[in-house]
**Q** 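This is the structure I have questions about; it appears just below.
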2 protein chains.
Amino acid sequence: MRLSRFFLPILKETPKEAEIVSHRLMLRAGMIRQEAAGIYAWLPLGLRVLKKIEAIVREEQNRAGAIELLMPTLQLADLWRESGRYDAYGPEMLRIQDRHKRELLYGPTNEEMITEIFRGYIRSYKSLPLNLYHIQWKFRDEQRPRFGVMRGREFLMKDAYSFDIDEAGARRSYNRMFVAYLRTFARMGLKAIPMRAETGPIGGDLSHEFIVLAETGESGVYIDKDVLDLPIPGTEVDYDGDLTPIVRQWTTAYAATEDVHDGPRYEREVPEERRVHTRGIEVGQIFYFGTKYSESMKALVTGTDGVEQPIHGGSYGVGVSRLVGAIIEACHDEAGIKWPEAVAPFTVAILNLKQGASDTDEACERIYRELSARGVDVLYDDTDQRAGAKFATADLIGSPWQVMVGPKGLAEGKVEIKRRGDGSRENVALEDAVARLMA
Amino acid sequence: MRLSRFFLPILKETPKEAEIVSHRLMLRAGMIRQEAAGIYAWLPLGLRVLKKIEAIVREEQNRAGAIELLMPTLQLADLWRESGRYDAYGPEMLRIQDRHKRELLYGPTNEEMITEIFRGYIRSYKSLPLNLYHIQWKFRDEQRPRFGVMRGREFLMKDAYSFDIDEAGARRSYNRMFVAYLRTFARMGLKAIPMRAETGPIGGDLSHEFIVLAETGESGVYIDKDVLDLPIPGTEVDYDGDLTPIVRQWTTAYAATEDVHDGPRYEREVPEERRVHTRGIEVGQIFYFGTKYSESMKALVTGTDGVEQPIHGGSYGVGVSRLVGAIIEACHDEAGIKWPEAVAPFTVAILNLKQGASDTDEACERIYRELSARGVDVLYDDTDQRAGAKFATADLIGSPWQVMVGPKGLAEGKVEIKRRGDGSRENVALEDAVARLMA
């Protein structure tokens with residue numbers, strides 16, 4: 001993409017309304033624009049990150065055997081009356097009347113609707129296990145929306161729902177999502193630690209939150225630092241096999257949010273030198289809730305004995321839009337964002353330090369053409385801005401690699417490559433630049 | 001994908017509520033499920049088609065130089081008061097109050113919001129031309145939703161918005177979208193004819209609808225049949241160049257919906273043997289509306305003379321979810337859907353005619369593995385259903401290619417390949433099957 005043809009509205013001033021660094025940087029880098037309290041437009045740079053996160057989530061859900069569908073944003077109120085949650089949900093549910101005075105709502109989650117879909121078609125244990133997911137916009141009418149996309153009202157979420165004939169099957173489904181989440185967040189360059197959690201309004205008796213460690217996080221966490229070095233399952237993981245060893249490994253060492261922190265146990269189990277008390281951001285939560293929805297909503301299947309029984313369910317959320325903010329909280333410095341490569345809006349930024357000079361123009365065009373042909377996402381800064389402004393923009397928007405092409409270097413046949421992550425720089429021959437970046 | 005692990009709820013009965021063939025087939029093939037009047041869940045098979053259509057639309061928008069962003073589904077009522085459309089829009093606008101009694105609405109279109117975004121950042125003609133688009137769910141509270149996804153209330157639309165300094169620039173932007181639409185619909189296997197249209201509530205004085213010809217279409221059309229054989233611009237089309245010859249070629253021969261049909265002109269210009277009176281389905285519409293929104297909403301930029309002036313705008317819609325229905329209306333027979341290859345949920349269906357027999361199982365697994373490794377979307381029917389049911393399902397869901405693997409054929413080393421489009425069949429050696437399908 002040529003910057004001269006892109007839409008990247010960088011803000012020079014730091015927006016006053018933004019309280020946390022990810023919100024400030026997303027506004028400054030032209031990633032989002034607020035359209036109402038807690039409701040954002042995703043500008044082109046922000047959307048590119050959102051799509052990359054969404055693609056990773058989707059790939060790992062598919063790998064784990066979950067099947068994608070797409071439920072609508074609006075739901076019938078009557079569906080929520082069946083489960084008893086219509087009145088229980090309170091003012092965070094956005095309630096709507098259509099022109100015929102039918103009661104609708106903007107879905108904050110989809111346990112009811114997916115149960116309705118399931119019971120409409122599935123009759124027998126032979127169709128199980130089944131895990132259905134979607135990635136869809138949801139709405140939660142927060143009393144006080146804040147922190148940008150971290151606590152927005154309209155937000156993008158991946159939610160999966162598993163259906164099993166019994167608790168043993170449901171726990172296998174739970175473990176599959178547990179492992180898929182380990183892989184999902186690791187691929188985004190995050191350390192996300194599963195922590196035992198309370199189940200809240202979803203219900204059930206087993207739940208884990210996945211928490212990204214960041215000093216600016218919303219809640220305190222207490223962990224045994226051994227948990228930071230546990231291995232992430234590779235692509236060879238067998239989702240049809242027994243995943244309990246992986247889950248056990250990740251749930252044995254102490255890790256808890258302050259809500260459920262058990263001080264005496266922490267001090268008993270974790271030697272002082274391994275205790276880490278920091279803060280974290282929740283980016284996913286998984287639940288096993290048994291027959292909570294299947295009983296009230298009559299999602300029954302016949303078992304091997306021919307008798308109808310309510311299915312055992314779980315639900316599994318990832319905050320897709322929230323992750324954009326969480327990644328920035330975990331990956332930034334004074335100058336701007338430092339994107340992990342897998343979610344970067346552009347992997348490489350080419351900075352033409354003397355736009356209009358034939359040697360720099362030619363060299364930039366060549367690198368741009370060759371990287372693009374290899375499928376690399378490149379942003380070529382071909383604007384008339386002076387070099388200093390181009391450096392600042394590149395650091396702010398945080399492409400992992402910057403290629404600086406200036407007349408001095410080119411006189412010696414060189415361009416400079418800077419790695420945004422650690423600021424390291426090297427001079428390479430123009431003809432080696434593409435190979436260096438592809439290495 | 002193995003059918004035994006997929007979620008494909010085929011209906012045996014033809015649903016009574018469905019009035020048109022695409023709606024019936026989408027319900028029968030397990031593509032959608034109604035969740036409220038005009039509000040559908042997209043089941044896995046339907047979602048795969050929706051995503052393929054969306055991807056083609058996106059590729060062609062990007063090729064034409066449009067830049068993707070994503071606006072939220074909910075909008076502030078005040079934004080629509082600025083343009084004067086809040087009251088004008090009537091009962092089809094879904095109006096919402098949040099917990100603080102702020103007035104919101106579920107966006108039916110985005111002229112106001114994109115104008116608000118534009119004016120928030122762009123100050124000079126130097127940033128023009130600019131074309132911003134998004135692909136987002138919208139809501140139109142139809143008095144009587146019907147025809148499934150063809151006239152749903154919650155629907156997916158691509159809408160692009162162009163900004164130019166003057167009318168000449170705006171007409172170039174209009175032409176770029178005109179050409180992009182020709183390519184977009186042709187890639188989906190459709191004959192979509194641009195026809196001069198009225199502008200309606202969007203406003204302006206220049207508009208074309210793109211109409212897919214189908215006998216079951218919603219409105220009558222009158223065309224000169226020469227228009228059916230016009231060439232579609234190739235990938236080499238230069239969107240920076242002069243596109244008027246292409247647009248002129250496509251708008252010279254007579255083509256009009258009954259709303260704007262000019263009988264005397266038709267009879268004067270089109271010889272009797274070239275007159276075609278049939279029906280059609282609108283799948284896209286493009287508008288040039290000049291300064292309608294920029295004047296009322298103060299979207300001003302400074303021109304070359306340093307004087308502020310309102311920009312000239314256009315908007316360009318494609319009915320993404322509607323296209324799923326439109327393609328089925330154009331491509332089906334008694335037995336089911338006949339997907340054009342580019343939008344097929346699965347390109348190849350493998351039918352194991354004797355599941356559990358080691359020779360058919362092995363042959364199917366081999367073809368499945370080899371096609372999947374080559375990136376082909378394959379649905380392998382590995383269920384226990386009898387052959388007749390597998391044939392019926394395969395015809396219903398309409399994969400362009402079916403590979404029938406049965407014990408009789410295999411005894412001679414053969415499998416049968418059926419082309420869904422024309423029903424033609426051929427026997428090929430097992431080891432040649434993959435090469436035949438990739439040809």
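The basis for the numbers below is simple: all heavy atoms, side chains too, and nothing from hydrogens, waters or symmetry mates. Residue numbers start from 1 in every chain, and the chains themselves are labelled A, B, ... in the order their sequence lines are given, proteins ahead of strands.
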**Q** Is B:Gln97 close to chain A through its backbone or its side chain, or both, or neither, when contacts mean heavy atoms under 4.5 Å?
**A**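 Backbone only.
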**Q** Using the side chain to side chain contact (heavy atoms under 4.5 Å, CB included) rule, take A:Trp137 and B:Leu70 through it: C-alpha gap first, then chi angles, then the decisive distance, then the call.
**A** CA-CA 12 Å; A:Trp137 292 92; B:Leu70 184 61; 3.5 Å; yes
**Q** Is the closest basic N to carboxylate O distance between B:Glu68 and A:Arg48 below 4.0 Å?
**A**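 So B:Glu68 does not pair with A:Arg48 through a salt bridge.
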**Q** With only heavy atoms counted, which part of B:Lys126 is less than 4.5 Å from chain A, the side chain, the backbone, both or neither?
**A**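 For B:Lys126, there is no contact with chain A at all, as no heavy atom is under 4.5 Å.
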**Q** Closer than 4.0 angstrom, basic N to acidic O: yes or no for B:Arg5 and A:Asp240?
**A** yes
**Q** Counting only heavy atoms closer than 4.5 Å, note whether B:Arg153 contacts chain A via side chain, backbone, both or neither.
**A**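 Side chain of B:Arg153 only, per the 4.5 Å heavy-atom cut-off to chain A.
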**Q** Of A:Leu76, A:Leu74, A:Asp98, which is the lone residue that meets side chain to side chain contact (heavy atoms under 4.5 Å, CB included) with B:Ile39?
**A** A:Leu74
**Q** Give the member of B:His100, B:Gln75, B:Met71 that has the highest number of heavy-atom pairs under 4.5 Å with chain A.
**A**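 Looking at each of B:His100, B:Gln75, B:Met71 in turn, B:His100 comes out on top.
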**Q** Verify the neighbour count for atom CZ of A:Arg386: are there more than 12 heavy atoms of other residues, nucleotides or ligands below 6.0 Å?
**A** no
**Q** Restricting to non-hydrogen atoms, name the atom on B:Gly120 and the atom on A:Arg33 that form the minimum distance, rounded to 0.1 Å.
**A** CA-NH2, 3.8 Å
**Q** Look at atom CD of B:Glu17 and say whether more than 12 heavy atoms of other residues, nucleotides or ligands are closer to it than 6.0 Å.
**A**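 Yes, CD of B:Glu17 has more than 12 neighbouring heavy atoms, counting only those of other groups under 6.0 Å.
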**Q** I'd like to know if the side chain of A:His134 reaches the main chain of B:Trp42, judged simply by a donor and an acceptor atom lying under 3.5 Å from each other, with no hydrogens or angles considered.
**A**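 Flag not set: sc A:His134 to bb B:Trp42 has no pair under 3.5 Å.
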**Q** Going from CZ on A:Phe139 to CG on B:Leu104, what distance comes out if it is rounded to the nearest 0.5 angstrom?
**A**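 One gets 6.0 Å once the value is rounded to the nearest 0.5 Å.
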**Q** Is chain A contacted by the side chain of B:Phe6, its backbone, both, or neither, given a heavy-atom distance below 4.5 Å?
**A** both
**Q** Start with the C-alpha gap between A:Glu35 and B:Met113, add the side-chain angles, then the distance that decides, and say whether side chain to side chain contact (heavy atoms under 4.5 Å, CB included) holds.
**A** CA-CA 8 Å; A:Glu35 291 298 331; B:Met113 190 179 279; 3.6 Å; yes
**Q** Do other residues, nucleotides or ligands put more than 12 heavy atoms under 6.0 Å from the CG atom of B:Asp384?
**A** no
**Q** For residues A:Glu142 and B:Arg99, report the shortest heavy-atom separation together with the two atoms involved.
**A** C-NH1, 3.6 Å
**Q** Under 4.5 Å heavy-atom distance to chain B, tell me which part of A:Leu94 shows up: side chain, backbone, both or neither.
**A**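 For A:Leu94, the side chain is the part near chain B, not the backbone.
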**Q** Between B:Ile67 and A:Met1, is a side chain to side chain contact (heavy atoms under 4.5 Å, CB included) present by the stated rule, with each step listed?
**A** CA-CA 10 Å; B:Ile67 305 288; A:Met1 178 63 66; 4.0 Å; yes
**Q** When heavy-atom pairs shorter than 4.5 Å are enumerated against chain A, which of B:Ile96, B:Thr73, B:Leu43 gives the highest number?
**A**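 Highest number of pairs under 4.5 Å: B:Thr73.
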**Q** Which heavy atom of A:Ala41 sits nearest a heavy atom of B:Pro72, and at what distance?
**A**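 Of all heavy-atom pairs spanning A:Ala41 and B:Pro72, the closest is CA-CD, 3.8 Å.
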**Q** Looking at B:Leu69, B:Leu79, B:Leu45, which makes the most heavy-atom pairs under 4.5 Å with chain A?
**A** B:Leu69
**Q** Side chain to side chain contact (heavy atoms under 4.5 Å, CB included) between A:Phe7 and B:Ile122: does it pass, once the steps are laid out?
**A** CA-CA 10 Å; A:Phe7 178 54; B:Ile122 306 278; 3.7 Å; yes
**Q** Could you pull out the closest heavy-atom pair between A:Pro9 and B:Tyr121, with the gap in Å?
**A**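 Looking at all heavy atoms of both residues, the shortest contact is CB-CD2, 3.3 Å.
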